[in-house]
Structures are given as C-alpha cells and as structure tokens.
Amino acid sequence: MIVKKTKNNIRKVISEWKKRGLSVGFVPTMGFFHQGHLSLMKESLKRTDKTVVSIFVNPTQFGPNEDFNTYPRDIERDLALAESTGVHAVFVPDVQEMYPSPSKTWVEVEGLTKHLCGRSRPGHFRGVATVVTKLFNIIQPDVAVFGEKDFQQLQVIRQMVRDLDFPIKIVGAPIFREKDGLAMSSRNTYLSDDERKSSLCLFNALKRARELISKNEVKDAAELVSALEDFIGKYPFTRIDYIFVGDPETLEPATHIKRPLLVALAVYVGKTRLIDNMVIH
Ligand code: PAF
C-alpha cells in the first residue's frame, strides 16, 4: 500500500493510474478506523480499480469548544487496517500541507445546512464542504464513498457535487452498527461503561419512532418528537441536542407524518455527542 503525505506525491501516483485507464475510488476519513470505515473502503474497492483513503482530522470543521485536540488518532493502526482491507493508497497530510495559509475561500452549501447539525454546530458544514472540495481537487476520484450515519453530510456533499459540477459519483453506504445497535463512531471510545449502556437510547429511540409511525400512534411530527424526548429522557447521562423529523431530501422539518420520513438525533451521553438516524418508509 502506498502512503503519501504531500499533495504533489499523491497526485503523481493517481495520474500514473489514470494514464493506465484505471478508475479511482476515494474514501475521505478522519481516521481512528472501525468496521464502519472499513465497509466504506470495501464499497469503493468493489466499484473501482484503485481505492485511495485520506486520513485528516480537519480543524476547520470543529467549533472552538469542540474536540479537535482530543479527537482519537492512531495512524499506525489505521494504516495496518487499510492495508488489510486492500486499499491501494492512503493520503495522510498534516494541517500545514492542507492549509499552508489561513483559507480565504470557503464552500458553503445553503439550505440543507439550516437544521440538524448545521444549527447546533455553526460553521461545521462550511469546513466539511471546503475540505472535501480540496480533497476532491487533489485526488480527482471517479467515485467517492460516504457513510449514511452522517446523513446531513452526505446530502450536503451530493448537493455540492451537483452545484459545482464535480464529475464524481457519490455513493452512500449504510450505517454500520455494534451488535446491540449502537452506530459505530470513533467518538464511541470516549464513553464510560455506564454511558455506553445509555448510548443505546439513540438506536432504541429510532426503533420506537418506526413503531409509533407504523402503528399510527402519533398524529403529527410534534407528537412524535415529544414521545422521543420522553423516551430518551429516561436514560441516565443523556441530554438531547436535537430530534429532527423531516424530509430526507430537502432536510426541512415536517409537520405531518409522511413517508419517507427522516428521523435524526443528536444526543449528548455524558460529554460525548452522538448522532444517528433512520429513514422510515
Ligand atoms: O465524515 C468525516 O469523517 C469528515 O467529515 C470528512 C468527510 C472526512 C471531512 O473531513
């Protein structure tokens, strides 16, 4: 597996592949891999001749009081896992390489970023869209794979690719869960044993939402949100950041229960903010 730290060096590798007519898949990540990341890599490997993974904890998508400094990192372990999955190249730039001087140009996707994480993490999606644009320009992939756990991020990237005419096919890969249902996330490592038990409130609340809808037990979105608030509130150490019920395409909140319906949650368990979602058909 090829490992490159600079834009120039990874570009040389990829342009050699392109000269040979090979297709390139790309999985952007912030590292500290779990099975969810590996499933994105496998998806890319299935679809293209060569797969490139980037590992970069992007400072511009973290707010001033967020966990940029403490975000878990283990490059050696990540490289071993990527190699064992069959990835062809990994791009591991440092902050200086990606942002040699403070950015004066930003990519901002409007509308889709108004609610959910866009509301509680101002500037987050501007940082994501900007770094993904830079990575797309460096790697120039044919296909890029993103996880559906970050549902809003996936929709923002799809919109950005359409609006800015990137010739890249965006693929969404299903949420990868632990045996008990907790969506895999690098941030799960922050949880104490007791918090880990409470973290099940997210997936259990989504299943409860599906049940309430399928049995017609809630008359509208407000009633669904309030039922989920009560449900999550019963778990210790939890504080709801948001419960969103709305349209999976426009990410606008719904008043009525109409399908498909996106139910998305962000909940603090102790100090750890976890997200999860389900599209109910
Ligand atoms: O989903 C992530 O890990 C990040 O937001 C991404 C897409 C790698 C951009 O930094």
Side-chain angles (χ1 to χ4, degrees), residues 34-40 42-43 112 115-121 145-156 171-281:
H34 48 68
Q35 290 298 319
H37 291 111
L38 306 188
S39 76
L40 306 183
K42 285 176 196 158
E43 189 60 45
L112 290 174
H115 303 286
L116 300 107
C117 295
R119 170 162 294 175
S120 43
R121 301 185 70 189
V145 187
F146 292 81
E148 285 174 356
K149 185 172 84 77
D150 296 297
F151 193 90
Q152 187 174 20
Q153 169 171 282
L154 175 61
Q155 298 299 49
V156 165
V171 175
I175 299 178
F176 219 85
R177 298 183 180 281
E178 302 287 353
K179 277 206 182 75
D180 61 5
L182 175 65
M184 288 196 187
S185 161
S186 306
R187 291 190 170 98
N188 292 351
T189 50
Y190 297 152
L191 300 169
S192 69
D193 289 350
D194 285 339
E195 289 167 353
R196 174 67 182 78
K197 286 181 197 140
S198 279
S199 67
L200 283 184
C201 70
L202 286 102
F203 187 50
N204 289 345
L206 294 172
K207 287 193 294 187
R208 180 81 187 125
R210 190 172 55 192
E211 184 181 55
L212 288 169
I213 292 171
S214 69
K215 293 186 177 160
N216 282 322
E217 283 178 21
V218 277
K219 69 171 187 322
D220 56 24
E223 216 174 274
L224 177 61
V225 170
S226 134
L228 297 180
E229 277 168 357
D230 291 347
F231 185 91
I232 294 170
K234 296 203 173 83
Y235 287 78
F237 317 113
T238 59
R239 181 166 60 84
I240 296 169
D241 179 7
Y242 66 73
I243 298 176
F244 175 87
V245 174
D247 186 300
E249 289 299 319
T250 62
L251 304 186
E252 283 297 324
T255 346
H256 303 291
I257 306 281
K258 57 173 190 206
R259 296 172 224 199
L261 190 72
L262 169 68
V263 181
L265 310 170
V267 178
Y268 284 93
V269 182
K271 289 199 172 110
T272 308
R273 184 175 174 281
L274 300 176
I275 57 172
D276 203 346
N277 69 79
M278 189 183 275
V279 178
I280 297 169
H281 291 278

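Both backbone and side-chain heavy atoms feed into the values below; hydrogens, waters and symmetry mates do not. Along the sequence shown, the residues carry numbers beginning at 1.
In terms of heavy-atom proximity, T250 sits nearest to L112 at O-CD2, 3.4 Å. When every heavy atom of K149 is checked against every heavy atom of A183, the shortest pair comes out as CD-CB, 3.6 Å. Residues L200 and L182 approach most closely at CD2-N, 3.9 Å, considering heavy atoms. Contact between S186 and H37 at its shortest, heavy atoms only, is OG-CE1, 3.6 Å. The nearest pair of heavy atoms linking A221 to A254 is CB-O, 3.2 Å. Between L251 and F244 the shortest heavy-atom distance is O-CZ, 3.4 Å.
Put simply, the side chain of Q152 does not reach to within 4.5 Å of the side chain of Q155, judged on heavy atoms. Side-chain contact between M278 and F203: present, with at least one pair of heavy atoms (C-beta onward) separated by less than 4.5 Å. Residues C117 and Y242 form a side-chain contact, since some pair of their non-hydrogen atoms from C-beta on lies under 4.5 Å apart. Considering only heavy atoms from C-beta on, L191 comes within 4.5 Å of L274 through its side chain. Within the 4.5 Å cutoff, side-chain heavy atoms of I213 are placed close to those of R259. Contact annotation: the side chain of L116 never approaches that of F151 to less than 4.5 Å [non-hydrogen atoms, C-beta and beyond]. Side-chain contact between C201 and V267 is present, with at least one heavy-atom pair separated by less than 4.5 Å. Between R273 and S120 the shortest side-chain heavy-atom distance falls below 4.5 Å.
Atom NZ of K207 sits in a crowded spot, with more than 12 heavy atoms from other residues, nucleotides or ligands closer than 6.0 Å.
To the nearest 0.5 angstrom, I232 atom CD1 is 6.0 Å from L202 atom CG. Taking CG of L206 as the reference point, atom CD1 of I280 lies at 7.5 Å (rounded to 0.5 Å). Summarising the geometry, atom CG belonging to D220 is positioned 9.5 Å from atom OG belonging to S226; distances are rounded to the nearest 0.5 Å. Atoms CG and NZ, on L224 and K219 in that order, are 11.5 Å from each other to the nearest 0.5 Å. Atoms NE2 and CG, on H115 and L262 in that order, are 12.0 Å from each other to the nearest 0.5 Å. Note that the CG atom of N204 and the CZ atom of R208 stand 11.0 Å from one another [nearest 0.5 Å].
A salt bridge links D276 and R177; the closest N-O separation between the charged side-chain nitrogens and carboxylate oxygens is under 4.0 Å. At a threshold of 4.0 Å, the pair R196-D180 counts as salt-bridged, since one of the basic side-chain nitrogens sits closer than that to a carboxylate oxygen.
Put simply, the side chain of H34 gets close to the backbone of G36: a donor and an acceptor are under 3.5 Å apart. In this structure a side-chain-to-backbone donor-acceptor pair under 3.5 Å is missing from S198 to Y235.
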